[in-house]
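First the structure, in the form of structure tokens, and then the observations on it.
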Amino acid sequence: MTFSNPGGAAAISGAEAYVQALLDLIGDRDPLEIQAELLPWLDERLADVDDEELRRPEAPGKWSVLEVVQHLADSEMINGYRLRIMLEQDDPPIQGYDQDRWASVFRYREVELEMAMAQLRALRAANLRIWRSLSDEQLARVGRHSERGLETVGHLIRLVGAHDLVHRRQINRILG
């Protein structure tokens with residue numbers, strides 16, 4: 001299955017199917033273990049890939065490996081913020097965003113792999129330190145996502161783990 005996470009009005013109508021596809025993909029796996037695997041997996045998978053191959057999109061209008069890595073880094077920043085707000089505030093609003101617009105506005109295509117990896121490495125380490133320490137009560141805290149509705153901290157952590165798996169598959173497809 002190829003995943004799509006559209007922005008805008010399409011995001012609201014497709015949110016339930018997208019979330020279910022993510023939950024089906026992660027199954028019973030521990031999302032924190034999956035998240036801990038991402039950087040070593042990327043280090044190994046991208047070790048011998050040259051810059052030209054990193055920048056080649058999967059298809060016209062699709063992302064390259066480099067754009068996927070930068071998306072993962074920015075997603076880590078966004079989800080880290082979302083989860084912190086959910087832990088700090090009661091039922092906060094959680095704003096969705098258009099990932100393709102971010103890729104365009106923030107020029108993911110121009111980024112250097114080392115910069116994207118450094119950003120992802122630092123944010124993932126900081127987030128995992130917090131997520132691993134959460135109590136059951138904290139995991140049950142909620143926020144109200146603008147496209148997906150009410151979500152718990154634990155649910156969002158599962159979605160982040162599944163999101164990693166989606167993009168690992170995508171990188172494998174791009175690199176062949």
Side-chain angles (χ1 to χ4, degrees), residues 1-26 31 34-35 38-39 42 46 54-89 91-113 115-124 126-127 131 141-175:
M1 167 177 239
T2 301
F3 286 80
S4 177
N5 189 14
I12 295 170
S13 66
E16 188 175 315
Y18 175 73
V19 167
Q20 189 57 55
L22 287 174
L23 294 175
D24 290 346
L25 179 61
I26 196 169
I34 293 169
Q35 290 176 47
L38 180 64
L39 285 157
L42 285 169
L46 304 180
L54 287 171
R55 294 179 188 282
R56 179 179 39 86
E58 182 175 10
K62 297 291 187 178
W63 288 350
S64 67
V65 170
L66 186 56
E67 289 168 300
V68 172
V69 174
Q70 184 59 57
H71 165 70
L72 286 165
D74 278 353
S75 294
E76 194 68 19
M77 173 183 59
I78 290 164
N79 286 315
Y81 173 77
R82 287 174 173 170
L83 286 159
R84 283 167 175 80
I85 290 298
M86 291 167 73
L87 291 166
E88 183 257 334
Q89 297 177 15
D91 193 17
I94 305 298
Q95 182 60 48
Y97 73 105
D98 183 336
Q99 64 185 18
D100 291 315
R101 182 88 174 119
W102 274 55
S104 173
V105 169
F106 302 117
R107 300 195 293 254
Y108 286 6
R109 198 160 279 169
E110 298 172 19
V111 137
E112 295 300 322
L113 179 63
M115 175 76 75
M117 288 293 291
Q119 178 186 351
L120 179 56
R121 202 175 303 283
L123 291 167
R124 179 58 57 98
N127 288 340
W131 312 156
R141 292 187 59 81
V142 298
R144 198 164 303 274
H145 193 282
S146 62
E147 298 161 353
R148 300 187 305 246
L150 195 67
E151 293 183 330
T152 66
V153 167
H155 177 77
L156 186 51
I157 289 172
R158 289 192 61 70
L159 294 182
V160 172
H163 182 258
D164 281 5
L165 295 174
V166 166
H167 289 298
R168 284 167 58 171
R169 286 180 172 187
Q170 183 181 19
I171 289 169
N172 280 333
R173 276 195 324 270
I174 296 168
L175 295 177

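Predicted, not measured: the structure shown is a model, and the values here were computed from it.
The environment of Phe106 atom CZ is dense: over 12 non-hydrogen atoms of other residues, nucleotides or ligands sit within 6.0 angstrom. Within a 6.0 Å sphere centred on CZ of Arg84, other residues, nucleotides and ligands contribute more than 12 heavy atoms.
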Stepwise side chain to side chain contact (heavy atoms under 4.5 Å, CB included) check, Arg169 with Leu165: CA-CA 6 Å; Arg169 286 180 172 187; Leu165 295 174; 5.8 Å; no
Candidate pair Val160 and Ile34, rule side chain to side chain contact (heavy atoms under 4.5 Å, CB included), full reasoning: CA-CA 9 Å; Val160 172; Ile34 293 169; over 6 Å; no
Evaluation steps, side chain to side chain contact (heavy atoms under 4.5 Å, CB included), between His167 and His163: CA-CA 6 Å; His167 289 298; His163 182 258; 3.1 Å; yes
Derivation of the side chain to side chain contact (heavy atoms under 4.5 Å, CB included) call for Leu175 and Leu46: CA-CA 9 Å; Leu175 295 177; Leu46 304 180; 3.9 Å; yes
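Taking CD1 from Ile171 and CZ from Arg173, the interatomic distance works out to 10.0 Å, rounded to the nearest 0.5 Å. The distance from the NE2 atom of His155 to the CG atom of Leu150 is 9.5 Å, given to the nearest 0.5 Å. Ile94 contributes atom CD1, which lies 11.5 Å from atom CD1 of Ile78 (distance to the nearest 0.5 angstrom). To the nearest 0.5 Å, the span separating NE2 on His145 from CD on Gln95 amounts to 7.5 Å. With rounding to the nearest 0.5 angstrom, the NZ atom of Lys62 is 10.0 Å from the CD1 atom of Ile174. Interatomic distance, Ile26 CD1 to Leu22 CG, rounded to the nearest 0.5 Å: 8.5 Å.
A distance-only check finds no donor-acceptor pair linking the side chain of Arg158 to the backbone of Pro31 [under 3.5 Å]. Glu67 places a side-chain N or O within donor-acceptor distance of the main-chain N or O of Ser64, the cut-off being under 3.5 Å. Counting only distance, with no hydrogens or angles, the side chain of Gln170 and the backbone of Glu58 share no donor-acceptor pair below 3.5 Å. Here the side chain of Asn127 pairs a donor or acceptor atom with the backbone of Glu76 at under 3.5 angstrom. Judged by distance alone, the side chain of Arg82 and the main-chain N or O of Val153 form no donor-acceptor pair under 3.5 Å. Side-chain atoms of Arg55 come within 3.5 Å of backbone atoms of Arg109 as a donor-acceptor pair (strictly under, hydrogens ignored).
Contact record, Gln99 with Trp63: O-CZ2, 3.7 Å, taken as the closest heavy-atom pair. For Val69 against Leu42, the heavy-atom pair with the smallest separation is CG2-CD2, 4.3 Å. The two residues Leu23 and Leu159 have their closest heavy-atom pair at CD2-CD2, 4.1 Å. When all heavy atoms are compared, the tightest approach of Leu87 to Arg141 is O-NE, 3.3 Å. Considering all non-hydrogen atoms of both residues, Pro92 and Met86 come closest at CG-CA, 3.9 Å. Leu66 approaches Val111 most closely through the heavy-atom pair CD2-O, 2.8 Å.
Below 30°, between 30° and 60°, or above 60°: for Tyr108 and His71 the angle between ring planes is between 30° and 60°, a tilted geometry.
Judged purely by distance below 3.5 Å, without hydrogens or angles, the side chains of Ser75 and Tyr97 pair a donor atom with an acceptor atom.
Among Leu120, Asp164, Leu72, the one residue that satisfies the side chain to side chain contact (heavy atoms under 4.5 Å, CB included) test with Leu39 is Leu120.
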